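In what follows, a structure is listed as structure tokens, so that the remarks can point back to it.
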2 protein chains.
Amino acid sequence: MVRKVTINDLAQAAGTSVTTVSQILNGKGDRFSSDTRKRVLNLKVEMNYVPDFNARNLIMKSAQTIGVLVPNVGNPFFSELIKGIQAIARENQFIPIIFSSNHDAELEKYYIEKLVERSVSGLIIASSASTSEVIDEILKPNNIQYLLIDENTVETGDTVETDDYYGGQLAAQHLIDLGHQKIAMMISDDLTNNLRRRLEGFKDSCLKNKTEIFQIEAPMTKKGGYEAVADLVNLSGVTAIFTINDEMAVGVYRGLWERNLKIPEDFSLIGYDGIEWGEYISPKLTTIKQPIVEMGKKSAEVLLNRINNPKVKKQTVNLPVELVVRESTQRIRK
Amino acid sequence: MVRKVTINDLAQAAGTSVTTVSQILNGKGDRFSSDTRKRVLNLKVEMNYVPDFNARNLIMKSAQTIGVLVPNVGNPFFSELIKGIQAIARENQFIPIIFSSNHDAELEKYYIEKLVERSVSGLIIASSASTSEVIDEILKPNNIQYLLIDENTVETGDTVETDDYYGGQLAAQHLIDLGHQKIAMMISDDLTNNLRRRLEGFKDSCLKNKTEIFQIEAPMTKKGGYEAVADLVNLSGVTAIFTINDEMAVGVYRGLWERNLKIPEDFSLIGYDGIEWGEYISPKLTTIKQPIVEMGKKSAEVLLNRINNPKVKKQTVNLPVELVVRESTQRIRK
DNA sequence: TTGTAAGCGTTATCAA
DNA sequence: TTGATAACGCTTACAA
């Protein structure tokens with residue numbers, strides 16, 4: 001067992017006190033001679049000294065850590081989100097600990113407890129399995145900052161969101177502009193608030209234009225979209241499909257292909273999210289693009305700001321969505 | 001700021017010493033009266049006492065944490081791997097901290113340092129940017145267990161691997177069986193050891209069968225595969241393609257589609273990995289399937305066993321790969 | 001059956 | 001310019 005190099009060893013080697021070492025290593029060493037400073041700094045590298053995190057945090061009372069809870073890391077949307085969070089966390093010397101709760105309320109609670117035990121400074125929660133219960137029971141009593149995004153909405157507290165209502169409208173309007181009059185919407189069987197708004201935007205636009213809509217419910221996965229095609233083909237007269245996320249759209253591609261139905265000739269298809277994969281399937285997927293990485297970045301920024309500055313007033317970030325027309329939609333022709 | 005409840009507060013409230021509390025809460029309290037025990041246990045819940053992780057680990061010298069370093073969480077291969085690791089970690093009360101190093105050596109080193117600082121008990125490293133240097137400089141001196149998988153190979157130390165050489169052979173043999181005599185291989189411009197073996201298996205099988213092979217180098221991403229199609233179409237007489245991972249294959253689909261070339265009519269295509277997406281693109285991707293989640297599980301098991309049991313002899317796990325024939329390959333016809 | 005006290009590796013206060 | 005020393009909250013020998 002190799003003993004870890006401690007600050008004591010380093011001090012001894014440098015012929016100084018631990019105070020000196022600590023101060024110098026923490027950028028508070030102006031008062032020491034540049035000779036001492038150099039000696040300590042060199043020795044640190046040479047001896048490969050790494051401060052003990054537990055000891056440090058014990059006294060500092062901060063673990064420089066944020067927790068991140070997503071429903072599923074495998075979903076490209078969330079892996080991009082994580083990318084953004086990771087980048088900002090790093091800039092601020094924070095470490096994100098990421099968990100995939102898989103929509104399992106029990107698992108979600110378990111992980112949040114673990115995170116709290118480790119005295120994380122804050123949490124970004126993009127998974128909504130058991131949120132409000134957990135917040136009241138665990139987060140609030142322990143005074144832990146949190147930011148709810150994506151699947152959660154809050155009236156109070158900081159907010160980082162995209163305009164889902166407008167996004168829904170954009171999608172509908174695009175289809176309507178192309179002349180579609182009967183549209184199928186594939187939506188989750190378990191709608192979270194952001195999805196609900198997205199859907200409302202879509203529906204309202206259709207209503208205003210007297211466009212007929214059909215609703216198909218399925219899990220928001222490739223498999224869900226794939227299986228929902230069975231219902232889709234039973235609908236008569238439908239010429240366009242809106243899937244509430246891109247991943248479902250991928251399943252629809254497959255389901256249609258198996259039935260020898262063509263996109264966009266037989267069905268125009270528009271998704272939502274703007275994941276990278278949409279540019280690689282053929283035809284390329286028309287979609288409503290959310291600035292996913294940016295969402296991750298902003299989320300981390302807002303949370304960290306809240307952590308450093310608990311009294312700051314409600315922060316609100318609203319990110320734009322945009323229609324990206326690619327190849328999966330076209331003008332209707334009779 | 002709510003002050004956290006400490007063991008001292010709890011002891012005081014219970015009218016005992018901290019020792020008593022500590023022992024009882026850690027399941028070592030047999031010697032105390034059941035009355036005292038009950039009192040402490042109740043108070044713990046009542047006062048919402050959560051042991052301070054930093055203080056505890058400082059003295060226990062273990063953070064019940066493992067670090068996981070992957071090149072890219074966005075890649076479905078790695079997100080599935082993580083799924084497996086997470087499952088086993090949880091069973092063993094460990095927390096995995098996951099980082100995406102993006103093949104950036106500096107970033108990789110930075111994260112490993114952070115992980116070591118936090119006194120993780122061990123590391124699963126599936127990213128190879130700067131591994132050997134980091135191991136010698138950081139891991140070994142700090143006596144941290146590690147397991148290298150996927151992109152790394154080791155002669156010494158524990159091993160969890162799939163039979164890449166055999167997998168390569170399987171892929172080649174499938175194509176050969178279908179009558180292909182000129183095959184393009186799309187491979188990374190930066191081969192790691194597992195890939196090298198995979199490739200050797202493929203090449204050896206081709207050589208043995210006098211099958212002609214062409215080599216195209218590109219990044220192992222969708223984009224890489226997509227752009228490599230430009231080179232591919234310049235090759236004359238090629239009827240089949242082997243991409244060294246599934247993700248590249250996705251790019252190839254797109255590149256071919258844009259040139260009006262059909263899979264499998266114009267080119268048979270076989271990938272490697274067995275990610276879920278392969279079942280959703282059309283035609284479905286024929287591939288060599290690795291048991292990815294299982295790899296994650298085994299990796300975690302092996303590492304945790306090593307942590308609990310540093311003296312145990314070299315552990316070796318070899319996981320099977322298998323040919324999954326789907327729709328992207330077919331018998332050659334002239 | 002219970003408690004005292006040392007010690008984990010750090011940072012911070014204050015004296016030298 | 002530097003260094004003792006207390007403190008952080010916990011576990012654990014060792015006493016009682």
Side-chain angles (χ1 to χ4, degrees), chain A residues 1-41 43-44 47-65 93 116-119 121 142-143, chain B residues 1-41 43-44 47-64 114 116-121 142-143:
Chain A
M1 201 60 171
V2 187
R3 222 178 103 271
K4 254 182 89 165
V5 178
T6 75
I7 196 172
N8 240 305
D9 304 332
L10 183 46
Q12 213 142 36
T16 72
S17 76
V18 291
T19 307
T20 311
V21 176
S22 172
Q23 302 275 31
I24 290 176
L25 260 30
N26 288 307
K28 295 174 185 167
D30 310 347
R31 57 191 174 114
F32 299 101
S33 71
S34 78
D35 182 51
T36 317
R37 274 210 304 261
K38 237 179 250 161
R39 202 152 20 98
V40 169
L41 257 13
L43 239 24
K44 171 205 149 107
M47 300 175 70
N48 233 306
Y49 167 71
V50 181
D52 183 282
F53 178 81
N54 292 127
R56 173 178 218 164
N57 288 149
L58 174 56
I59 191 159
M60 308 271 278
K61 287 186 178 323
S62 152
Q64 295 284 103
T65 304
Q93 330 271 27
V116 171
E117 254 179 39
R118 282 161 193 253
S119 48
S121 313
N142 283 289
N143 202 40
Chain B
M1 202 60 171
V2 188
R3 216 177 109 273
K4 259 182 85 166
V5 179
T6 75
I7 196 171
N8 239 305
D9 303 332
L10 184 45
Q12 214 142 39
T16 72
S17 74
V18 290
T19 307
T20 311
V21 176
S22 172
Q23 302 277 33
I24 290 177
L25 259 30
N26 288 310
K28 297 173 185 168
D30 310 346
R31 57 192 173 116
F32 299 101
S33 73
S34 80
D35 182 51
T36 319
R37 274 209 304 262
K38 237 179 249 160
R39 200 152 21 100
V40 169
L41 257 13
L43 239 24
K44 172 204 148 107
M47 300 175 71
N48 232 306
Y49 168 70
V50 181
D52 184 284
F53 184 79
N54 292 129
R56 173 176 215 160
N57 288 149
L58 174 56
I59 190 162
M60 307 275 274
K61 289 186 178 323
S62 151
Q64 294 285 100
K114 288 293 153 201
V116 171
E117 256 178 38
R118 280 159 194 254
S119 49
V120 293
S121 312
N142 284 289
N143 201 40

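In this text, all values refer to a predicted model and were calculated from it rather than measured experimentally.
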- Query: Quick one: does A/Thr65's side chain have a donor or acceptor within less than 3.5 Å of a partner on A/Ala63's backbone?
  - Reply: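 Judged by distance alone, yes, a pair lies under 3.5 Å.
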- Task: Hey, which sits more toward the 5' end of DNA chain C by its nearest nucleotide, B/Ile59 or B/Gly15?
- Result: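 The 5'-side residue here is B/Gly15.
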* Asked: Mapping A/Tyr49 and B/Ser33 to their closest nucleotides on DNA chain C, which lands nearer the 5' end?
  ->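 Its nucleotide being nearer the 5' end, the pick is B/Ser33.
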What heavy-atom pair brings A/Arg37 and A/Gly29 nearest, and what distance separates the two atoms?
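That would be NH1-O, 3.1 Å.
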*Please name the pair of heavy atoms, one in A/Ala11 and one in A/Val18, separated by the smallest distance, quoted to 0.1 Å.*
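Closest heavy-atom pair between A/Ala11 and A/Val18: CB-N, 3.7 Å.
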With a 4.0 Å cut-off on heavy atoms, is A/Asn54 in touch with a base, just the backbone sugar-phosphate, or nothing at all?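 The answer is nothing, as A/Asn54 stays clear of every strand by at least 4.0 Å.
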[X] [atom1] to [N] [atom2]: how many Å, rounded?
X       : N      : atom1 : atom2 : result
A/Arg56 : D/dC8  : CZ    : P     : 19 Å
B/Gln23 : D/dC10 : CD    : C1'   : 12 Å
B/Lys61 : C/dG7  : NZ    : P     : 14 Å
A/Leu58 : D/dA7  : CG    : P     : 14 Å
A/Asp30 : D/dT2  : CG    : P     : 13 Å

What distance do A/Ile24 atom CD1 and A/Arg39 atom CZ have between them, rounded to the nearest 0.5 Å?
->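 Between A/Ile24 CD1 and A/Arg39 CZ, I get 8.0 Å after rounding to 0.5 Å.
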